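Just so it is clear, the structure is predicted and the values come from calculations on it, not from any experiment. Each chain gets a letter, A, B and so on, in the order its sequence line appears, and its residues count up from 1.
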Protein chains: 2
Amino acid sequence: MNNKSSSYHHGDLRQKLIEQATLVIESNGVDALSMRKLGEVIGVSRSALYHHFDNKQNLLAAIAESGFATWQAITQTFLNEDSLSEHDKLTKYVKGYLEFARQHKATYELMFGNIIWQNELDTESLKNTAYDTFHQYLNLIKHWQDTATISSSQNSLRLAQVSWSTLHGMAKLYNDGIYVNDTNLEELSQSIVQLLQTKN
Amino acid sequence: MNNKSSSYHHGDLRQKLIEQATLVIESNGVDALSMRKLGEVIGVSRSALYHHFDNKQNLLAAIAESGFATWQAITQTFLNEDSLSEHDKLTKYVKGYLEFARQHKATYELMFGNIIWQNELDTESLKNTAYDTFHQYLNLIKHWQDTATISSSQNSLRLAQVSWSTLHGMAKLYNDGIYVNDTNLEELSQSIVQLLQTKN
DNA sequence: TTTTATAACTTGACAGTGTCAACATAGCAT
DNA sequence: ATGCTATGTTGACACTGTCAAGTTATAAAA
């Protein structure tokens with residue numbers, strides 16, 4: 001009775017699934033994630049997962065959402081540090097973005113990948129979270145333009161879109177194995193900041 | 001001796017497979033491609049494909065390689081037009097890149113995706129082709145810096161990496177469904193060009 | 001021309017996948 | 001105690017990529 005009751009109802013299975021799935025994809029890639037194996041590792045039958053996620057894609061979406069939360073927490077940490085200059089915050093944002101993408105390759109892939117964005121899923125809250133992240137970035141761009149930290153010769157929205165594209169593109173090119181030399185990331189961060197600072 | 005043109009039951013199956021597979025992925029996405037169905041549609045057994053490609057990934061790599069060839073041909077067309085100014089060529093390159101990515105979503109995804117770049121496959125020639133493409137872009141950046149078409153305040157290699165990241169990131173964000181408004185692409189192209197032109 | 005070697009192709013099989021229907025149980029609220 | 005619901009299980013289905021073993025068509029060699 002003791003062992004049976006303790007092993008039947010898992011209690012926090014949903015959270016455990018997200019955590020274990022994240023572990024798997026970060027060490028072996030998104031494609032290596034199997035619903036059946038995931039249940040096996042946790043010690044639960046293959047169908048149990050479907051009481052917590054309608055399908056595999058929704059599990060992946062949950063991982064992505066927790067990824068956005070992590071990134072939001074990271075940025076809040078240094079954006080609230082009063083001792084940092086605006087320029088330092090900009091540099092930290094750029095470097096931090098690329099580091100986050102590198103340290104959570106698979107999660108980052110999910111956050112901005114077609115698996116989540118091209119299909120109609122239960123991703124309403126995820127899409128809102130993602131939009132919040134971009135909206136916060138747009139506000140930062142505006143603020144840095146106001147404080148003359150970066151060039152204000154361009155429309156804020158477009159500059160935000162273009163510069164975020166740069167961050168995303170570099171993260172992808174690195175993560176997907178096209179930019180292989182990791183010591184470059186520091187230099188490339190500097191280049192991005194420099195490009196944003198140039199005026200005309 | 002010319003082996004590939006020699007006709008058997010099917011003539012040039014290898015080429016047909018690439019063409020049909022491209023059709024499938026461009027209309028239904030890379031994930032929708034099934035080796036078995038592909039053979040079925042062409043009228044050949046499931047195992048026939050493996051006499052032309054060691055595995056599915058190598059078929060995808062072949063599609064990617066033909067994608068690089070297409071892109072190379074497109075750029076050559078307008079880069080050789082003497083009537084165009086350097087500034088026009090730059091604009092055409094940026095707009096053309098984003099349009100190419102949009103018109104060949106799935107092929108573009110393969111060209112720069114982890115499927116090809118993260119595994120060790122028969123991709124030596126593919127990787128060389130890809131490297132040639134980037135090398136040509138780097139030379140263009142140098143040339144445009146020499147002709148004062150764009151800013152020369154940054155190291156050429158780094159500027160090439162950063163600006164290519166911008167192109168790639170924007171293409172990905174658009175293709176993966178995060179940037180949904182297609183009328184933006186024209187404006188965003190202008191923004192990229194403008195950013196490259198600014199001097200300090 | 002006949003033989004032979006080889007490239008192209010087929011069938012059968014295996015291990016794996018996501019997901020659903022049907023059933024079973026645990027634990028809580030009534 | 002009774003019933004409800006969340007949570008779990010097993011069996012099954014229709015897929016998937018890929019390989020081993022066998023077959024045939026065609027080009028080269030005899």
Check [X] against [Y] and note the closest heavy-atom contact, atom names and distance.
X: A:Q154; Y: B:L195; answer: NE2-N, 3.6 Å
X: B:S189; Y: B:L98; answer: OG-CD1, 3.5 Å
X: B:I141; Y: B:S163; answer: CD1-OG, 4.0 Å

Heavy-atom donor-acceptor pair, [X] side-chain to [N] base, under 3.5 Å:
X: A:S47; N: D:dT10; value: yes
X: A:R46; N: D:dG8; value: no
X: B:R36; N: D:dG17; value: yes

Would you mind reading off the distance between [X] atom [atom1] and [N] atom [atom2], rounded to a whole angstrom?
X: A:L13; N: C:dA26; atom1: CG; atom2: C1'; answer: 15 Å
X: B:H51; N: C:dT6; atom1: NE2; atom2: P; answer: 16 Å
X: A:N55; N: C:dA21; atom1: CG; atom2: P; answer: 14 Å
X: A:F53; N: D:dT7; atom1: CZ; atom2: C1'; answer: 14 Å
X: A:N58; N: C:dG18; atom1: CG; atom2: C1'; answer: 13 Å
X: A:L38; N: C:dG16; atom1: CG; atom2: C1'; answer: 16 Å
X: B:L49; N: D:dG17; atom1: CG; atom2: P; answer: 9 Å
X: A:K56; N: D:dT16; atom1: NZ; atom2: P; answer: 15 Å

Among D:dT9, C:dT19, C:dA8, the nucleotide that comes nearest once only the side chain of A:A48 is considered: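 That would be D:dT9.
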NZ/NE/NH1/NH2 to OD/OE distance under 4.0 Å, B:K105 and B:E26: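 No salt bridge links B:K105 with B:E26.
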Can you tell me if B:K37 touches the phosphate of D:dT16, counting only side-chain N or O atoms and a distance under 4.0 Å to OP1 or OP2? yes
Can you check whether B:H52 has a side-chain N or O nearer than 4.0 Å to OP1 or OP2 of C:dC9?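 The answer is yes; a side-chain N or O of B:H52 sits under 4.0 Å from OP1 or OP2.
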Please list, by residue number, the residues of residues 25-35 of chain B whose heavy atoms come closer than 4.0 Å to an atom of DNA chain D; answer none if no residue qualifies.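 When residues 25-35 of chain B is checked for heavy atoms under 4.0 Å from DNA chain D, the hits, listed by number, are B:L33, B:S34, B:M35.
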Quick one, B:Q161 with A:S191, criterion side-chain hydrogen bond (donor to acceptor under 3.5 Å, both in side chains). Give me CA distance, side-chain angles, the key distance, then yes/no. CA-CA 9 Å; B:Q161 289 174 320; A:S191 271; over 6 Å; no
Once the angle between the rings of B:F78 and B:Y93 is folded into 0 to 90°, is it parallel (under 30°), tilted (30 to 60°) or perpendicular (over 60°)? perpendicular
Do the side chains of A:Y97 and A:W164 get nearer than 4.5 Å, heavy atoms only? yes
